[in-house]
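Below, all heavy atoms of this structure are taken into account, side chains as well, without hydrogens, waters or symmetry copies. For ligands, and for the atoms within them, numbers begin at 1 and follow the listed sequence.
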Amino acid sequence: MKEIVIIGGGPAGLTAGIYAVRGGADTLLLEEAFPGGQIVNTTMVENYPGFPDGIDGIGLGNAMQKQAEKLGLSIVYDTVTGVEFTPERKLIHTTGETIEAKKVIIATGSSPRKLAVEGEEKFTGCGISYCAVCDAAFYRNAVVAVAGGGDTALTDALHLTRFAKKVYLIHRRDKYRAGEALQKRIAHSDIIEPILNSKVVEVLGTDKVTGVVVENTLTSEQKTLELDGVFVAVGTQPRSQVFADEVKCTDEGYIETDAHMMTSVDGVYAVGDIRNTVLRQVITAAADGAIAATHAVEMLMG
Ligand code: NAP
């Protein structure tokens, strides 16, 4: 039996790992793909303290992983397929085994929200992308659209200007959710054309993406934009499905916690983007991880 099992290797899970191993707990972190979480899709993180010139997301994720492993955290690459949580017993089923833990820290984060429009599924990975950092280079001299009005959408649009010859920025309202600094940079770009009060209602194409149908959210008027690719940046949704029957979640699927990050089950914690919180940033995810692991270690000591 493990003392602490952490599920998910983003900033929240890795920070929990750092605090857990430094607290002397026998700790295992389960990660499905590769550590780093959502930040590995970010070109530049400018608001994480300690990096006056910013740091690229992959670099920050790698550094956190390296630090955690150097301190003694074991990372196992496996997918959690089910869990059974009671105050007395915690079982984690993966594709390879069943692990029992005294304490569990859930840090599975969130995944990109879909537009849920016709053509989206068909062209996902070949014309529709959820990661500008990963795929922008495929769109050299192309015409693309970014859907969304948050920090991610505006950051993606700016990143795409390094490759594409035209970037439509399609947002459903007339005001962006993104910060002022990003909005100013968008306004100064000759390559980005904002299309406000509008949403993508269909992605067009037979073998490849050839355009999108955009609907005006005020007038319902529709028009077609000819383009080569669509970058979807309309927020994220919690990856809590596997835990939803075991711990209390909000209607949106975020896991509810107390001040120690403890869920409705004693000894089970939730940290980072998966948690019902007011701010989802690297810094808050890391802080959640530290709080949960510190409490878990204290509880293990009795
Ligand atoms: P977000 O802030 O939730 O923004 C999502 C955007 O998508 C909103 O503009 C929203 O429109 C729009 N949207 C949502 N559902 C939609 C739908 N079905 N159809 C069309 N549009 C839809 O998500 P985010 O931009 O990914 O940012 C997530 C968090 O990460 C934020 O806290 C953000 O500050 C942070 N972040 C920080 C950085 C950075 O600091 N470098 C970079 C990226 C992200 P409405 O505005 O109308 O709701």
Side-chain angles (χ1 to χ4, degrees), residues 10-12 36-61 109-121 124 128-134 136 145-160 167-186 192 194-203 212-218 220 222 225 230-239 250-254 272-288:
Q38 290 269 339
I39 45 163
V40 302
N41 299 329
T42 303
T43 26
M44 188 59 75
V45 180
E46 287 183 331
N47 54 7
Y48 193 77
F51 299 96
D53 300 319
I55 181 167
D56 69 290
I58 294 176
L60 184 56
S110 53
S111 51
R113 186 181 289 134
K114 309 249 168 174
L115 287 173
V117 298
E118 208 178 316
E120 184 178 24
E121 212 177 306
T124 291
I128 296 193
S129 170
Y130 300 85
C131 177
V133 176
C134 320
V146 174
D151 284 332
T152 304
L154 272 66
T155 306
D156 285 359
L158 288 165
H159 182 66
L160 279 156
V167 180
Y168 293 111
L169 177 57
I170 304 167
H171 179 39
R172 63 184 177 184
R173 291 188 293 136
D174 64 346
K175 285 190 178 58
Y176 295 115
R177 184 176 291 273
E180 281 292 325
L182 281 171
Q183 293 192 37
K184 276 192 187 141
R185 289 172 64 194
I186 292 285
I192 299 170
I195 302 190
L196 298 175
N197 293 317
S198 298
K199 59 180 185 184
V200 174
V201 290
E202 189 179 347
V203 180
V212 288
V213 179
V214 172
E215 184 176 294
N216 186 297
T217 50
L218 304 176
S220 298
Q222 294 193 345
L225 299 175
V230 182
F231 287 81
V232 180
V234 295
T236 54
Q237 52 197 20
R239 302 182 67 204
T250 65
D251 291 344
E252 294 82 33
Y254 293 103
D273 283 10
I274 191 87
R275 190 170 82 81
N276 186 28
T277 179
V278 291
L279 187 63
R280 294 191 176 86
Q281 299 279 299
V282 184
I283 187 87
T284 50
D288 284 2

Student: Return yes when atom CD of Glu121 has more than 12 non-hydrogen atoms of other residues, nucleotides or ligands closer than 6.0 Å, and no otherwise.
Tutor: no

Student: Distances only, to 0.1 Å: what are the N or O pairs between ligand 1 and the protein that fall under 3.5 Å?
Tutor:
| unit_1 | atom_1 | unit_2 | atom_2 | d |
| --- | --- | --- | --- | --- |
| ligand 1 | 9 (O) | Gly149 | N | 3.1 |
| ligand 1 | 9 (O) | Gly150 | N | 3.3 |
| ligand 1 | 11 (O) | Arg172 | NE | 3.1 |
| ligand 1 | 11 (O) | Arg172 | NH2 | 3.4 |
| ligand 1 | 25 (O) | Asp151 | N | 3.3 |
| ligand 1 | 25 (O) | Thr152 | N | 3.0 |
| ligand 1 | 25 (O) | Thr152 | OG1 | 3.2 |
| ligand 1 | 26 (O) | Thr152 | OG1 | 2.7 |
| ligand 1 | 32 (O) | Gln281 | NE2 | 3.1 |
| ligand 1 | 34 (O) | Asp151 | OD2 | 2.5 |
| ligand 1 | 34 (O) | Gln281 | NE2 | 3.3 |
| ligand 1 | 40 (O) | Asn47 | ND2 | 3.1 |
| ligand 1 | 46 (O) | Arg173 | NE | 3.4 |
| ligand 1 | 46 (O) | Arg173 | NH2 | 2.8 |
| ligand 1 | 46 (O) | Arg177 | NE | 3.0 |
| ligand 1 | 46 (O) | Arg177 | NH2 | 3.4 |
| ligand 1 | 47 (O) | Arg172 | NE | 2.9 |
| ligand 1 | 47 (O) | Arg173 | NE | 2.7 |
| ligand 1 | 48 (O) | Arg172 | NH2 | 3.0 |
| ligand 1 | 48 (O) | Arg177 | NE | 3.4 |
| ligand 1 | 48 (O) | Arg177 | NH2 | 2.6 |

Student: Would you say that Leu60 contacts Phe51 through its side chain, given a criterion of any heavy-atom pair below 4.5 Å between the two side chains?
Tutor: yes

Student: Is the side chain of Ser129 donor-acceptor paired with the backbone N or O of Phe231 at a distance under 3.5 Å, no angle test?
Tutor: no

Student: Kindly list each side-chain donor-acceptor pair under 3.5 angstrom involving residues 170-183, sequence neighbours excluded, with atom names and distances?
Tutor:
| unit_1 | atom_1 | unit_2 | atom_2 | d |
| --- | --- | --- | --- | --- |
| His171 | NE2 | Lys175 | O | 2.8 |
| Gln183 | NE2 | Ala178 | O | 2.8 |

Student: Any side-chain to backbone donor/acceptor pair from Ser198 onto Leu196? Under 3.5 Å, distance only.
Tutor: yes

Student: For a side chain to side chain donor-acceptor pair (under 3.5 Å) with Arg275, tell me which candidate from Thr284, Asp288, Thr250 qualifies.
Tutor: Asp288

